[in-house]
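The structure under discussion appears below in the form of structure tokens.
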Amino acid sequence: MMSVGETGGMEETLTIIKPDAVRAGNTGRIIAHLEDARFEIQAMRRMHLSRAQAEAFYAVHRERPFYADLVAFMTSGPVVAIALARENAVAHLRDVMGATDSTQAAEGTIRNLYGTNIQNNAIHGSDSPENAAIERAFFFAACDLVGR
Ligand code: CMP
């Protein structure tokens, strides 16, 4: 049996189903899309982010003009954070998500199917293995992560 962190060639990432998608009742459809794409769900957490939590999660963007709106959006309702694993997980999640701007996202991607625009884009995905580790630690403790 494999233990967590020893995932046999697998890589780990993090996704957040954002308040627009949760509000629209698309949580289940997005989880099914991720399972169909062969992601393993290691941990999952539904929560309403505080302002301080949203600011901290997106701290890398704090100088960007969209930061205040982004924090307001991310605290506008519950989110579902999910720790995911599969081979090449970071790049594969980015493929399955589609472009940041939902209006530019390729047909059949999660943001194409469930997002609205560049901000209300249904889902977040880590952009590198290094950031995946940081973002996973933001939401989950090691004891929460359940391997196969
Ligand atoms: P995400 O991948 O979660 O990372 C940062 C988020 O900021 C992004 O998705 C969007 O929800 C939001 N955002 C709003 N405007 C922009 C923009 N111009 N460029 C990038 N991200 C933006």
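Each ligand, and each atom within it, is numbered from 1 in the order the structure gives. For reference, positions follow the sequence shown, starting with 1. Atom set for the values below is all heavy atoms of this structure, side chains included, hydrogens, waters and symmetry mates excluded.
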Which residue holds the protein heavy atom closest to atom 12 (C) of ligand 1, what is that atom called, and what is the gap in Å? Leu70 CD1, 3.7 Å
State, to 0.1 Å, how close Asp101 and Asn117 come at their nearest heavy-atom pair, and which atoms those are. OD1-C, 3.8 Å
Record the part of Met74 in heavy-atom contact with ligand 1 below 4.0 Å; permitted values are side chain, backbone, both and neither. neither
Per side-chain contact (heavy atoms from CB on, under 4.5 Å), Ile17 is matched among Asn26, Leu34, Val79, Ile31 by Ile31
Would you tell me whether Glu135 and His124 have side-chain atoms, one donor and one acceptor, within less than 3.5 Å of each other? yes
Among Tyr67, Phe73, Phe66, closest by heavy atom to atom 16 (C) of ligand 1 is Phe66
Closest heavy-atom pair and its distance - Lys18, Gln119: NZ-O, 4.2 Å
Applying salt bridge (Lys or Arg N to Asp or Glu O under 4.0 Å) to Arg62 and Glu55, what does each step give before you reach the verdict? CA-CA 8 Å; Arg62 70 179 167 269; Glu55 285 177 349; over 6 Å; no
Do any N/O atoms on Arg111 end up under 3.5 angstrom from N/O atoms on ligand 1? yes
So for Tyr58, does at least one of its heavy atoms come nearer than 4.0 angstrom to any atom of ligand 1? yes
Are any non-hydrogen side-chain atoms of Leu14 and Phe140 less than 4.5 angstrom apart? yes
Show the atoms of ligand 1 that are less than 4.0 angstrom away from any heavy atom in His61. 4 (O), 5 (C)
Which residue supplies the protein heavy atom nearest to atom 18 (N) of ligand 1, what is that atom called, and how far is it? Ile118 CD1, 3.5 Å
His124, any N or O under 3.5 Å of ligand 1 N or O: yes
Could you check if a side-chain atom of Glu40 sits within less than 4.5 angstrom of a side-chain atom of Leu84, using non-hydrogen atoms only? no
Atom 1 (P) of ligand 1: of Gln119, Arg94, Lys18, the nearest heavy atom sits on Lys18
